[in-house]
Amino acid sequence: MTRSRRVGAALAGAVLFGVLTSPAAGAAEESPRPVTAGALPTPQTDGIVLSVEIVGDTVYVGGHFDKARPAGVSPGGAGEVPRDNLMAFDLRTGEILPWSPSVTATEFESSTDPGALCDSVGTDRWRCDSVFDITAGPDGKRVYVGGDFDRIDGSWRSRVAAFDTAGRTLVDDFAPRVAGRVRTVSATREAVYLGGAFDAVDGVERTRLAAVSPTGGLLDWTPEADATVHSLRAVPSHGRVLLGGAFDTVNGQRRVALSAVDTASGANVSWQWEAPSVEDVVTDIVTDEKGNAYFGSYNWHGTNPRLEGRGAVRIDDGATVWMDGCYGDTQSVAVAEGVVYAASHTHSCAALDAIPEDGPIDYQRLTAETAAVGGSAVRDTNHVSEGDPVPELLPWLPNTNGGPQDSPWKNGPWAIDANSEYVVVGGEFTTVNGQPQQSLTRFAARSVPGAVHNGPQVPFGAPEVRRNWISRDVTIEWQGTWDAQNSAIRYEVIRVGTSEPIHTVTRESWPWEIPSMSFTDTDAPSGDTEYWIRAVDADGASIGSPRGSTGW
């Protein structure tokens, strides 16, 4: 199981996708079950979280913020503490941990605004010190951070640094000097791979890609990309480093948005996948132990065909496993327990017959899909053709807003990480499931004590009740509801005055596909009779409707 930390969204039919692979023979038919959809109490920051990384029972958080505060606390309230672009909290309790490194950068002068993730410190003067990525080393004894900063705790650290996880102290002998933004880091036992928008390391030319040793020495690994690298993933078992970003070429060869190079030489390796458009940008890549890589993307131009949802390819050759065909920029992905979680603003998943453009949900910003192929596309849409392999959309529908009104992006979630028990989300959002919560949230598996369920949703209206004055039977009609963590809901028809339901029926519901149901009570008593409906999901969460009456 491999997890995601990276920020990816923009700061600012005759398409080949490689050889399509089939689901593994003998694969289990039962769909994996995502975590619950009710948010657990989680710390907050006063800014934007660009990266989250789970290491054991600690969550490391990076981004652009000045303070952190406990769950439920408003800005400036009790328990707020200084946190300078890095913080940590306890995965299980949500407690803010005392780790508080000072992350900053040298001020510079420019008549050009460098962007919203830098701070204005005077007329034409700026400071850029955001943390873009946090990633654990292969044994979990270190975390590496990459970004715009050049100092940590007063020590010079040019855009990349390392902390030991035992004492959470800065590693003294890891101090390469990177000339430009580091967007992404991936570490193996032999090398720490860097990607971003830089042009040199330790004074030696490196074009957006480089590798250093665990002690910080520059390695002879020299691939080149012609535009920003947003994500990379080293996979030593396959001898490859997967690359994602805004590039059109790697090592001078046309390789748009997603490609792979050799872990030792940096040379291009065989690769089948091709992007639908040169405007596509792969924002994040994660891998699993089954030989697959999963990625998210956005398209900066907006014309079709374009890639904005999620996809899966084989690590060893780039052959397509599935594409979901959804619209809406995807900032980050994570994979755990057979589920691909995504931070995005998903809409119009016509290939999956889900989240329609004109549906009741504007954007679904948190989604879960199967890592394995879940079926075939039901229609042509964008770059996916009817019959192509697609994942199954799973019932995990928590949601956030897009963030502050003055945000230039309004992306909502920007980063996501997952393990077998928790999903942690970071971003610029200010609400989760309609409740105030800024920039961080977490969700737990059903097996975790204190997991919060998010079951049948309101509004859930009263049934329409009509008596046939000849037969005296009563017909009860109602519209169902939907559930944030289960697709199937059991509906119980309750006659007021009876202790048990007089009828039950189970139907599948989604926010965009609400069933209508009816039942005729042939044993209805005479006179005015009232009925109500109880909706119950597989986790036992339930809500009741108002009453409907034969006398109304």
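Here the structure is a predicted model, which is why all the values come from computation and not from measurement. Along the sequence shown, residues are numbered consecutively beginning with 1.
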Determine whether [X] and [Y] make a side-chain contact, defined as any pair of heavy atoms from C-beta on separated by less than 4.5 Å.
X      : Y      : result
Asp129 : Asn85  : yes
Val425 : Phe443 : yes
Leu394 : Val339 : yes
Val281 : His230 : yes
Tyr341 : Val335 : no
Thr400 : Leu366 : yes
Arg314 : Asn292 : yes
Glu53  : Thr58  : no

Are [X] and [Y] close enough that a side-chain donor and a side-chain acceptor fall under 3.5 Å?
X      : Y      : result
Asp148 : Ser130 : no
His345 : Arg365 : no
Arg306 : Ser297 : no
Asn268 : Gln253 : yes
Asn304 : Tyr327 : yes
Glu428 : Trp409 : no
Ser158 : Asp150 : no
Asp280 : Tyr298 : no
Glu357 : His347 : yes
Arg168 : Ser100 : no

Residue pair Leu440, Val52: steps toward the side-chain contact (heavy atoms from CB on, under 4.5 Å) verdict: CA-CA 9 Å; Leu440 283 166; Val52 291; 3.9 Å; yes
Taking every non-hydrogen atom, the tightest pair across [X] and [Y]:
X      : Y      : result
Ala105 : Cys128 : CB-O, 3.0 Å
Ser231 : Thr184 : CA-OG1, 3.5 Å
Val282 : Ala257 : CB-O, 3.2 Å
Val185 : Asp133 : N-OD2, 2.8 Å
Met323 : Val390 : O-CG1, 3.3 Å
Arg255 : Phe247 : O-CD1, 3.0 Å

Check: [Y] main-chain N/O paired with [X] side-chain donor or acceptor under 3.5 Å:
X      : Y      : result
Asp262 : Ala264 : yes
Ser385 : Asp380 : no
Thr330 : Ser332 : no
Asp284 : Gly296 : no
Arg142 : Pro214 : yes
Thr165 : Gly140 : yes
Arg254 : Asp248 : no
Arg183 : Ala197 : no
Gln331 : Pro413 : yes
Arg208 : Glu224 : no

Interatomic distance, [X] atom [atom1] to [Y] atom [atom2] [nearest 0.5 angstrom]:
X      : Y      : atom1 : atom2 : value
Ile285 : Ser186 : CD1   : OG    : 9.5 Å
Thr169 : Asp164 : OG1   : CG    : 3.5 Å
Ser102 : Asp153 : OG    : CG    : 6.0 Å
Ile355 : Thr367 : CD1   : OG1   : 6.5 Å
Glu107 : Arg127 : CD    : CZ    : 6.0 Å
Ile54  : Glu421 : CD1   : CD    : 10.0 Å

For Asp388 and Ser376: C-alpha separation, side-chain torsions, deciding distance, then whether side-chain hydrogen bond (donor to acceptor under 3.5 Å, both in side chains) applies. CA-CA 5 Å; Asp388 283 353; Ser376 301; over 6 Å; no
Counting only heavy atoms not in Asp220, do more than 12 sit closer than 6.0 Å to its CG atom?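 Counting neighbours around CG of Asp220, 12 or fewer heavy atoms of other residues, nucleotides or ligands fall under 6.0 Å, so no.
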Got more than 12 heavy atoms from elsewhere within 6.0 Å of NZ, Lys410?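 Yes, because the 6.0 Å sphere around NZ of Lys410 holds more than 12 heavy atoms from other groups.
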Run the side-chain contact (heavy atoms from CB on, under 4.5 Å) test on Leu218 and Arg206 for me, step by step, so that the C-alpha distance in whole Å, both residues' side-chain angles and the decisive distance to 0.1 Å come before the verdict. CA-CA 10 Å; Leu218 183 63; Arg206 290 291 188 270; 3.7 Å; yes
Start with the C-alpha gap between Tyr294 and Asp288, add the side-chain angles, then the distance that decides, and say whether side-chain hydrogen bond (donor to acceptor under 3.5 Å, both in side chains) holds. CA-CA 8 Å; Tyr294 308 90; Asp288 64 15; 2.5 Å; yes
Stepwise ring-ring contact (aromatic ring centres under 6.0 Å, His included) test for Trp273 and Phe295: CA-CA 12 Å; Trp273 189 86; Phe295 61 92; 5.3 Å; yes
In this structure, is the centre-to-centre distance between the rings of Phe429 and Trp414 below 6.0 Å?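 When the ring centroids of Trp414 and Phe429 are compared, they turn out to be at least 6.0 Å apart.
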For Phe163 together with Tyr144, are the ring centres under 6.0 Å from each other?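 No.
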Start with the C-alpha distance between Arg157 and Phe174, add both sets of side-chain angles, then the distance that settles side-chain contact (heavy atoms from CB on, under 4.5 Å), and finish with yes or no. CA-CA 9 Å; Arg157 291 294 187 274; Phe174 185 85; 5.8 Å; no
Between Arg233 and Thr135, does the side-chain hydrogen bond (donor to acceptor under 3.5 Å, both in side chains) criterion hold? Intermediate values first, please. CA-CA 10 Å; Arg233 170 71 61 177; Thr135 187; 5.5 Å; no
Thr346 and its side chain to side chain donor-acceptor pair (under 3.5 Å) partner, picked from Arg310, Glu369, Glu308: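 With Thr346 as partner, Arg310, Glu369, Glu308 yield a single side chain to side chain donor-acceptor pair (under 3.5 Å), made by Arg310.
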Does the side-chain contact (heavy atoms from CB on, under 4.5 Å) test come out yes or no for Phe65 and Arg83, once each step is laid out? CA-CA 7 Å; Phe65 49 82; Arg83 289 295 185 270; 4.0 Å; yes
